[in-house]
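What you see below is based on every heavy atom in this structure, not just the backbone, and it leaves out hydrogens, waters and symmetry mates.
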Amino acid sequence: MKRFWAIALTSSLAVLAGCHSFKKENVEPPTPLDKKFEPSLKVERLWKSSIGDGAAESGVRMRPTVVDGVLYAASTDGKIAAFDAASGKKLWSKSTRQHGWFGWGDAKREDARFSGGPGAAGDLVAIGTLDGHLYGINAKDGERRWAAEVSSEVITAPVIVGDLVVVRCNDGRVYGIDAKSGERRWVYDQSQVPLLSLRGNGRLLVANGVVFMGSDAGKLVAIRLDNGEKLWEQTLASGEGRTEIDRLADADGALVLDGSTLYGAAYHGQLTGIDGPSGRPLWNHAFSTFTSLDVHGNSIYGVDDQSQVFAFDKSGGANIWKQDGLKYRWLTGPAAQGNYVVVGDLDGHIHWLNGSDGKIVARERLSKKAIRAQPVVVGDTVYVEDVEGHIGAYRIPAN
């Protein structure tokens, strides 16, 4: 179990044992935005809404999910809601403070603090909590179906595949939970979690009967979906260095699968292309990040630990372009929206970059609060959520 955690703000961040304080003078100031900026891309905001307190002070990345035209979102104060993804109209909303939501057996339980965001498929929504529970919820009306207890807090969205819900806990364990009953089918318990680690877990990637994840020890791990047995692992970061900070090696961003090739990266590590079926490394390129990647066309997009945005050639990792105009603005992971790249920043701005050269082409502002979760792209629309639960939907014209 993690004893300490830290949010990496800069390479000069001073982390104290048992807390996450830092010396103000050591933190690089964010690059100022150009007040005379003239956008060359028209962006239309479709709607704006909110969900509870969002992530609040939890330090987790609360990210909505969009399935079959419905956006599901949740907050750490126990609220969960469904919105029409096109209009923003609220379809239903539930709170764990409502009488009877937990059922008769949970009458004395405290309110659940949802975390990490919901996962959804078919008629089921699944979401974890900061106190180590997983809930199955009706997608149609938000009523609770079942509850399952897991080993520690859940700070990333569960994945629903067929009749199985796969969920990752902050202590490194991964559970396979029956989607109908909430009963445990298997648990993967071979992940080594360092004493000092960044606050965050990358989203699980499930494909072709395999669950892929990045670990807090800088590994890319593949396990079987049917029984949780480990198939292989590869190193994304070595965890070497003179100090504990230097040895941080978390793979906290989401992995990307393009065809049969996996792409992953880690803090103080490297961007790596891996053959998915065999786990054989194809190439690697030095790159330190604690956010997720994305792929479009022949490019892999990433944001490094100084909030510089990069495009790499996916066939070998060669650097295509770098955008340093948003340095130290503590960007989200990038999301490919057509031929553009979308990122959110520390004070609620959303930036669109040209995918071919990295030039900033548009900017909108969702709020004055930090955006930490990678934007969600569905078709020509991107959905963005800030730390206080404000959600915005933005559309760009067809190319």
Side-chain angles (χ1 to χ4, degrees), residues 39-46 61 63-67 71 85 117 157 202-205 207 212 214 252-265 271-274 276 285 287 289-304 307-326 329-345 349-364 366 371-385 391-399:
S40 58
L41 173 70
K42 182 180 179 181
V43 175
E44 177 188 8
R45 190 173 82 181
L46 301 179
R61 302 166 186 156
R63 188 173 189 257
T65 189
V66 180
V67 176
L71 180 144
R203 298 190 305 277
L204 296 175
L205 171 64
F212 302 98
D252 276 347
L255 304 167
V256 178
L257 179 65
D258 186 69
S260 61
T261 304
L262 281 164
Y263 301 98
L271 172 67
T272 304
I274 295 174
H285 183 101
F287 186 64
T289 184
F290 44 82
T291 64
S292 299
L293 306 170
D294 207 354
V295 172
H296 179 73
N298 293 318
S299 298
I300 307 166
Y301 302 115
V303 172
D304 75 0
S307 283
Q308 300 175 112
V309 189
F310 287 80
F312 301 97
D313 175 45
K314 71 179 186 182
S315 63
N319 189 9
I320 299 173
W321 54 255
K322 178 178 77 172
Q323 170 57 258
D324 61 6
L326 303 172
R329 296 195 64 83
W330 309 121
L331 304 179
T332 67
Q337 186 181 15
N339 293 323
Y340 302 95
V341 182
V342 190
V343 291
D345 75 10
H349 287 98
I350 308 164
H351 308 271
W352 281 259
L353 284 62
N354 189 313
S356 61
D357 60 13
K359 181 180 178 180
I360 300 172
V361 293
R363 179 188 304 143
E364 294 287 331
L366 172 63
I371 302 169
R372 294 193 183 125
Q374 184 182 30
V376 177
V377 174
V378 180
D380 63 355
T381 304
V382 61
Y383 302 90
V384 183
E385 180 176 348
I391 303 170
Y394 301 85
R395 183 168 57 196
I396 58 175
N399 294 318

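Side chain of Y383 to main chain of V378: no donor-acceptor pair is present (N/O by atom type, distance under 3.5 Å, no hydrogens or angles). No side-chain donor-acceptor contact under 3.5 Å links S299 to the backbone of A311. Side-chain atoms of R63 come within 3.5 Å of backbone atoms of P375 as a donor-acceptor pair (strictly under, hydrogens ignored). Between the side chain of S307 and the backbone N or O of L331, at least one donor-acceptor pair lies under 3.5 Å. A donor-acceptor contact shorter than 3.5 Å is absent between the side chain of Q323 and the backbone of V309. Put simply, the side chain of K314 gets close to the backbone of G297: a donor and an acceptor are under 3.5 Å apart. H285 contributes no side-chain N or O that, together with a main-chain N or O of A318, makes up a donor-acceptor pair within less than 3.5 Å.
Rounded to the nearest 0.5 angstrom, R395 CZ and E44 CD are separated by 4.5 Å. Separating the NZ atom in K322 from the CD atom in Q308 is a distance of 4.5 Å, to the nearest 0.5 Å. Annotation: the span from F310 atom CZ to W321 atom CH2 amounts to 9.5 Å, rounded to 0.5 Å.
Considering only heavy atoms from C-beta on, T381 comes within 4.5 Å of L46 through its side chain. Looking at I300 and D258, their side chains never come closer than 4.5 Å, going by heavy atoms from C-beta outward. Looking at Q374 and D294, their side chains come closer than 4.5 Å, going by heavy atoms from C-beta outward. At a threshold of 4.5 Å between non-hydrogen side-chain atoms, the residues P39 and I360 do not count as touching. In this structure the side chain of V303 never reaches within 4.5 angstrom of the side chain of L326, judged on heavy atoms.
Using cut-offs of 30° and 60° on the angle between ring planes, the pair Y394 and W352 is perpendicular.
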Inset, instruction - Starting from the C-alpha separation in whole Å, work towards a yes-or-no answer on side-chain contact (heavy atoms from CB on, under 4.5 Å) for I350 and V382. - result: CA-CA 10 Å; I350 308 164; V382 61; 5.7 Å; no
Inset, instruction - Please lay out, stage by stage, how F312 and Y263 fare under the test ring-ring contact (aromatic ring centres under 6.0 Å, His included). - result: CA-CA 11 Å; F312 301 97; Y263 301 98; over 10 Å; no
Legend entry - Full working for side-chain contact (heavy atoms from CB on, under 4.5 Å) between Q337 and I396: CA-CA 8 Å; Q337 186 181 15; I396 58 175; 3.7 Å; yes
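The nearest pair of heavy atoms linking V377 to A335 is CG2-CB, 3.8 Å. When every heavy atom of G264 is checked against every heavy atom of L255, the shortest pair comes out as CA-CD2, 3.7 Å. Of all heavy-atom pairs between A362 and V43, the closest is CB-CG2, 3.7 Å. Contact between L293 and V256 at its shortest, heavy atoms only, is O-CG2, 3.4 Å. The two residues V343 and L353 have their closest heavy-atom pair at CG2-CD1, 4.4 Å. Nearest heavy atom pair, residue A207 against residue L257, reads CB-CD2, 3.5 Å.
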